[in-house]
Student: 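Shown below is the structure under consideration.
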Amino acid sequence: MTARLIRPFGPLGKPWCRLTPFTRAQIIGWGLFTLVDLVNRQLTYQDLTAALAMSALIYLLLAGLSTGLGRLYDCAFPGTVLGPWSVAVMALLASGASAVIVLVTVLVRQAFGWSIPDWGTLEEIALPFTHYAVALTGWSLLFFWIRADRQRQTAHAAALAAEAEALAAKAEALGAEIQQLRLQINPHFLFNALNGIAEEVPEHPAAARAMLRDLTDYLRHVLTGIRTPVVPVEAEVAALAAYLRIQQARFGERLRISVELDPGATGRRIANSLLQPLAENAVEHGDRSDVLELAVAVRLEGDKLRIDITNSGRLEPAHRLRAGHGLGLANLRRRLDVHYPGRHSFSLREIESVPGGAQVMATLLLEGEACSAS
């Protein structure tokens, strides 16, 4: 049944769909206006033939003249704001178009001998002129309003497209930056680790194999971050422990490490290789004159993940950090801003009242899941 109803309209529907929205609105709007006018004209002329012919003629005149007015408005007033000058010109043009309609209809009536009963010359000219001037002025106002709304929508769509393009470009650049930060492996660490393994092979092959396994685990974790920027916290802690064991093998008894993971924190997800810069900073800048004590503690604090990395020693002066020693910490802060925007805190402080000397504690508080930023 549906196909039978739609098929007859198919040939007519295609040309209609090819028309512009403005043309379709013109046809429908002036068609409805003409239907109402036809009833009034029939009552006025008391002649159906004259009423139909004059209505068809005026319909064509209104559609054609309003289309021309629209083009004039686009050329003369391309902006969206109506001012006193533009309103005056609009009223003048609408009145001129109305005068054209009145002139044509008077000439046609005279040619066919159609008269309006009980109407004098004033009524035959003044009333139609006022009627069509008001109609065309209303059409003009509606034209300006629709055009302004369309321009606003176009500008809004362009702004959204530009914003989306900018965000896409920013996301791409940010992803590249984060990947670069994740892959910033200290070449000195890698060289020292490989050199340490080579030294251990002749006399302590078991220790060399252990160092090699730890280095493999650590590098696998770092390189996995290319595809997996967010990992379970237990995987991050395991990779960090492997990194610290390599360092412990290098420094021997001068480095003591402790790594604790609260079982309640397992399952939480964290940005890949986020903790390594803190551990590296503790090893590089900690006090190794006697024994460097380094402790890592990961636990839940309410709904936040808390990481404390403590090392014996003192906090370096700010001028030394500015000279380049704080590059790893700068990268850490940048990654925190990306992975935990507005949902993190980082502090680095010196603890004086500790038995056996001063300590430096780095504390991270992470709220919620990490953004992947990939």
Side-chain angles (χ1 to χ4, degrees), residues 160 163-186 214 216-245 257-283 294-311 326-349 360-374:
L160 289 178
E163 183 179 358
E165 185 177 352
L167 288 175
K170 183 178 180 181
E172 184 178 355
L174 191 58
E177 179 186 0
I178 292 303
Q179 182 171 322
Q180 181 182 8
L181 291 174
R182 284 201 301 261
L183 292 177
Q184 283 184 341
I185 304 173
N186 190 327
D214 287 332
T216 302
D217 291 342
Y218 170 70
L219 291 177
R220 183 186 296 114
H221 179 78
V222 173
L223 295 176
T224 299
I226 299 175
R227 302 185 307 273
T228 312
V230 179
V231 296
V233 68
E234 54 268 31
E236 175 73 4
V237 171
L240 185 65
Y243 168 84
L244 291 176
R245 285 195 299 269
I257 62 172
S258 169
V259 179
E260 295 182 5
L261 173 62
D262 179 6
T266 56
R268 293 288 292 263
R269 297 178 66 77
I270 189 173
N272 188 296
S273 302
L274 187 67
L275 305 184
Q276 189 270 340
L278 289 175
E280 181 179 353
N281 189 70
V283 172
L294 196 154
V296 178
V298 181
R299 64 182 185 277
L300 286 180
E301 189 174 273
D303 60 345
K304 299 179 181 179
L305 188 66
R306 176 173 181 141
I307 300 102
D308 290 317
I309 298 182
T310 308
N311 64 272
L327 179 61
L329 296 184
N331 288 346
L332 172 69
R333 290 187 175 94
R334 177 62 177 148
R335 292 194 63 196
L336 287 172
D337 288 337
V338 173
H339 291 296
Y340 299 91
R343 298 182 287 110
H344 71 272
S345 68
F346 170 61
S347 65
L348 187 63
R349 64 189 187 279
V360 176
M361 175 180 285
T363 299
L364 272 178
L365 280 176
L366 307 177
E367 182 180 352
E369 290 288 326
C371 302
S372 65
S374 59

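Keep in mind that what you see is a predicted model, and the values were worked out from it rather than measured.
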Student: Mind checking side chain to side chain contact (heavy atoms under 4.5 Å, CB included) for Ala295 and listing every partner two or more places apart, or none if nothing turns up?
Tutor: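 Counting only residues at least two positions away or on another chain, Ala295 forms a side chain to side chain contact (heavy atoms under 4.5 Å, CB included) with Ser258.
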
Student: Can you check whether Leu365 reaches Leu305 side chain to side chain, under 4.5 Å on heavy atoms?
Tutor: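 No, too far: nothing below the 4.5 Å cut-off.
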
Student: Check Ala242 against Asp217 and note the closest heavy-atom contact, atom names and distance.
Tutor: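 Heavy atoms of Ala242 and Asp217 come nearest at CB-CB, 4.4 Å.
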
Student: So, using side chain to side chain contact (heavy atoms under 4.5 Å, CB included) as the criterion, who are the partners of Pro263 when residues are at least two apart?
Tutor: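 Listed in chain order: nothing, the list is empty.
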
Student: Please name all residues satisfying side chain to side chain contact (heavy atoms under 4.5 Å, CB included) with Ala239, sequence neighbours left out, ordered by chain then number.
Tutor: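 If we apply the side chain to side chain contact (heavy atoms under 4.5 Å, CB included) test to Ala239, skipping adjacent residues, the hits are His221.
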
Student: For Arg269 and Glu369, indicate whether the former's side chain and the latter's backbone hold a donor-acceptor pair under 3.5 Å.
Tutor: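 Side chain of Arg269 to backbone of Glu369: no pair is present.
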
Student: Would a 4.5 Å heavy-atom cut-off, applied to side chains only, mark Ile307 and Phe346 as touching?
Tutor: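 No; the side chains remain at least 4.5 Å from each other.
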
Student: Once you round to the nearest 0.5 Å, how far does CZ of Arg268 lie from CG of Asp262?
Tutor: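 It comes to 11.0 Å.
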
Student: What's the shortest heavy-atom distance between Ile309 and Ala282, and which atoms?
Tutor: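 Closest heavy-atom pair between Ile309 and Ala282: CG2-CB, 4.3 Å.
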
Student: Could you tell me the separation between the CD1 atom of Ile257 and the CZ atom of Arg245, rounded to the nearest 0.5 Å?
Tutor: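 Ile257 atom CD1 to Arg245 atom CZ measures 7.0 Å (nearest 0.5 Å).
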
Student: How would you list all residue pairs meeting side chain to side chain donor-acceptor pair (under 3.5 Å) that involve residues 296-306, not counting sequence neighbours?
Tutor: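 Matches after skipping sequence neighbours: Arg299-Asp308, Glu301-Arg306, Arg306-Asp308.
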
Student: Among all residues two or more places apart in sequence or in another chain, which pass the side chain to side chain contact (heavy atoms under 4.5 Å, CB included) test with Val237?
Tutor: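 Partners of Val237 by the side chain to side chain contact (heavy atoms under 4.5 Å, CB included) criterion, ordered by chain and then number, come out as Val233, Val259, Leu261, Val298.
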
Student: Once rounded to the nearest 0.5 Å, what's the spacing between atom CG of Asp337 and atom CZ of Arg343?
Tutor: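 It is 11.5 Å, given to the nearest 0.5 Å.
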
Student: List in chain and number order the residues that pass ring-ring contact (aromatic ring centres under 6.0 Å, His included) with Tyr243, two or more places apart in sequence or in another chain; answer none if no residue qualifies.
Tutor: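 Scan of Tyr243 (ring-ring contact (aromatic ring centres under 6.0 Å, His included), adjacent residues dropped) gives Phe189, Tyr218.
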
Student: In Å and rounded to the nearest 0.5 Å, what is the CG to OG distance from Leu364 to Ser347?
Tutor: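 Rounded to the nearest 0.5 Å, the CG-OG separation comes to 8.0 Å.
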
Student: Of all heavy-atom pairs between Ala362 and Leu348, which one has the smallest distance, and what is that distance?
Tutor: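 Looks like CB-CD1, 3.6 Å.
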
Student: Just by distance, do the side chain of Glu236 and the backbone of Ser273 share a donor-acceptor pair under 3.5 Å?
Tutor: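 Here the side-chain-to-backbone pair exists.
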
Student: Work out which heavy atom in Leu244 is nearest to a heavy atom in Ala279; give both atom names and the distance.
Tutor: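 So the minimum-distance heavy-atom pair works out to CD2-CB, 4.1 Å.
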
